[in-house]
Amino acid sequence: MTLQQLKYVIEVATRGSMNEAAKRLFISQPSLSNAIRDLEQELRITIFERTNKGISLSKEGVEFLSYARQVVEQAELLENRYLNAKPSPQHFSVSTQHYAFAVNAFVHLVQQYGQEEYELALRETKTYEIIQDVKSLRSEIGILYLNEFNAKVINKLLKDAGLVFTSLFTAKPHIFISVQNPLAKQSSVAIEQLQDYPYLSFDQGEYNSFHFSEEILSTLSHPKSIQVNDRATLFNLLIGLNGYTISTGVLSADLNGNEIIPVPLECEETINVGWISHKSTSLSNLGVAYVQALHEAIGQNEA
């Protein structure tokens, strides 16, 4: 087993494609495939499952990848310390529901820890894809919420994937609306008062189950409803159509301006927002720093 083979495994797992990884590594795809097969045969494990749909990490591969990353990271530290080598690009990725504090924390991470070169990823995506991203180690950390309604389904998926949920904060539901919305001056809003306004939610694609909804109270019917794919579009529609969405109430004026405000929603629900990761692996240095940045971003918004 060589350090180069470990780097090959990391690159393939990151790209999710043998062909793309080979291009990045400037070697032929057959050479890359052979190197990884030699490693699998030497260790007597299957790192990647190969199907006609592509490749994915096996259960053994997920565990092996966590160790491989630690070894490569330590080797690079030694090289930088004793050989004065140029720091290699940093790698870190997070998949999240559409939370401004997650973006704020990512900005802080890059500003504080970004070197001359880095390859980072922030994916605002669908709930099911967040779980799959972390399961396959496409992302080291995922951010989503649990509540009384979805916890049983989400927790089963997390358990089956070998993932663990760590709470960041618990919030009471709020609606996000434009400052020009007639409801903006109220201290709180009842669900019945929302019937005349367009309800905005994030599309969950193929897994469009109530349990994967990014908004609580997903089983309620709405006379007017619009689904969107990104936060910027949703906020534009909140302003342009006097619409509303349901979220945590944690909002960032730095990123979203002062045109959108949270107003408490009158209901007994709670939202437990947290991060998920593999329970059998340790966070990287950037992973630990990002979790700390999340706590700081949430604290600033609550201040």
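Note that these values count all heavy atoms, side chains included, but never hydrogens, waters or copies made by symmetry. Here the structure is a predicted model, which is why all the values come from computation and not from measurement.
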Atom [atom1] of [X]: over 12 foreign heavy atoms under 6.0 Å:
{"X": "Lys126", "atom1": "NZ", "result": "yes"}
{"X": "Gln4", "atom1": "CD", "result": "yes"}
{"X": "Glu63", "atom1": "CD", "result": "no"}

Main chain of [Y], side chain of [X]: is a donor-acceptor contact present, judged purely on distance under 3.5 Å?
{"X": "Lys224", "Y": "Asp196", "answer": "yes"}
{"X": "Ser247", "Y": "Gly249", "answer": "no"}
{"X": "His108", "Y": "Ala297", "answer": "no"}
{"X": "Ser93", "Y": "Arg138", "answer": "yes"}
{"X": "Gln5", "Y": "Thr2", "answer": "yes"}
{"X": "Gln186", "Y": "Val263", "answer": "no"}
{"X": "Ser17", "Y": "Asn19", "answer": "yes"}
{"X": "Gln180", "Y": "Asn242", "answer": "no"}

Regarding [X] and [Y], is there a side-chain donor-to-acceptor distance under 3.5 Å anywhere?
{"X": "Gln74", "Y": "Gln70", "result": "no"}
{"X": "Ser139", "Y": "Arg123", "result": "yes"}
{"X": "Glu266", "Y": "Ser188", "result": "yes"}
{"X": "Thr127", "Y": "Gln97", "result": "yes"}
{"X": "Ser31", "Y": "Asn34", "result": "no"}
{"X": "Tyr244", "Y": "His222", "result": "yes"}
{"X": "Glu60", "Y": "Ser58", "result": "no"}

Check step by step if ring-ring contact (aromatic ring centres under 6.0 Å, His included) holds for Phe92 and Tyr290. CA-CA 9 Å; Phe92 175 74; Tyr290 182 69; 5.6 Å; yes
Quick one: are [X] and [Y] in side-chain contact, heavy atoms under 4.5 Å?
{"X": "Leu6", "Y": "Val9", "result": "no"}
{"X": "Leu286", "Y": "Leu120", "result": "yes"}
{"X": "Leu265", "Y": "His174", "result": "no"}
{"X": "Gln227", "Y": "Phe202", "result": "no"}
{"X": "Phe149", "Y": "Thr219", "result": "yes"}
{"X": "Asn285", "Y": "Glu73", "result": "yes"}
{"X": "Leu234", "Y": "His98", "result": "no"}
{"X": "Ile216", "Y": "Ile271", "result": "yes"}

Side-chain heavy atoms nearer than 4.5 Å, only ILVMFWY residues, links allowed to pass through others: does that put [X] and [Y] together?
{"X": "Val62", "Y": "Ile141", "answer": "no"}
{"X": "Leu283", "Y": "Leu65", "answer": "no"}
{"X": "Ile239", "Y": "Leu237", "answer": "yes"}
{"X": "Val288", "Y": "Val72", "answer": "no"}
{"X": "Val12", "Y": "Tyr67", "answer": "no"}

Measuring from [X]:[atom1] to [Y]:[atom2], what's the distance to the nearest 0.5 Å?
{"X": "Gln111", "Y": "Phe106", "atom1": "CD", "atom2": "CZ", "answer": "11.5 Å"}
{"X": "Asn155", "Y": "Phe165", "atom1": "CG", "atom2": "CZ", "answer": "8.0 Å"}
{"X": "Leu294", "Y": "Asn104", "atom1": "CG", "atom2": "CG", "answer": "10.0 Å"}
{"X": "Ile261", "Y": "Phe176", "atom1": "CD1", "atom2": "CZ", "answer": "10.5 Å"}
{"X": "Glu124", "Y": "Ile130", "atom1": "CD", "atom2": "CD1", "answer": "9.5 Å"}
{"X": "Ser218", "Y": "Asn147", "atom1": "OG", "atom2": "CG", "answer": "8.0 Å"}

Looking at [X] and [Y], what are the two nearest heavy atoms and their distance?
{"X": "Leu3", "Y": "Ala75", "answer": "CD2-CB, 3.7 Å"}
{"X": "Pro198", "Y": "Ile226", "answer": "CB-CD1, 4.5 Å"}
{"X": "Ala161", "Y": "His278", "answer": "O-CE1, 3.8 Å"}
{"X": "Ile191", "Y": "Cys267", "answer": "CD1-CB, 4.4 Å"}
{"X": "Ser201", "Y": "Glu215", "answer": "CB-OE1, 3.2 Å"}
{"X": "Ala22", "Y": "Leu32", "answer": "N-CD2, 3.6 Å"}

Are Tyr145 and Phe169 close enough that their ring centres sit under 6.0 Å apart?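 No.
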Tyr128 and Phe212: aromatic ring centres closer than 6.0 Å?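 Tyr128 vs Phe212: aromatic centres under 6.0 Å.
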Determine, step by step, whether Arg69 and His91 satisfy the side-chain contact (heavy atoms from CB on, under 4.5 Å) criterion, reporting the C-alpha distance in whole Å, the side-chain angles of both residues, the deciding distance to 0.1 Å, and the verdict. CA-CA 10 Å; Arg69 281 178 167 158; His91 296 271; over 6 Å; no
Pair Lys7 + Glu11: basic N to acidic O under 4.0 Å: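 Result for this pair is no, no salt bridge flagged.
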Considering only NZ, NE, NH1 and NH2 on the basic side and carboxylate oxygens on the acidic side, decide whether Lys135 and Glu140 come within less than 4.0 Å.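 Answer for the salt bridge query: no.
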Show the numbers, then the answer: is there a side-chain contact (heavy atoms from CB on, under 4.5 Å) between Thr125 and Thr96? CA-CA 6 Å; Thr125 188; Thr96 177; over 6 Å; no
Of Asn236, Thr245, Val103, which is the lone residue that meets side chain to side chain contact (heavy atoms under 4.5 Å, CB included) with Arg231?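 With Arg231 as partner, side chain to side chain contact (heavy atoms under 4.5 Å, CB included) holds for just one option, Val103.
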State which residue, out of Ile276, Val134, Val94, fulfils the side chain to side chain contact (heavy atoms under 4.5 Å, CB included) condition with Ile143.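 Answer to the side chain to side chain contact (heavy atoms under 4.5 Å, CB included) test with Ile143 among Ile276, Val134, Val94: Val94.
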Run the numbers on Leu194 and Leu183 for side-chain contact (heavy atoms from CB on, under 4.5 Å), then give the verdict. CA-CA 9 Å; Leu194 300 171; Leu183 301 174; 3.7 Å; yes
Thr248 vs Tyr99, side-chain contact (heavy atoms from CB on, under 4.5 Å): CA-CA, chis, key distance, verdict: CA-CA 9 Å; Thr248 63; Tyr99 296 126; 4.1 Å; yes
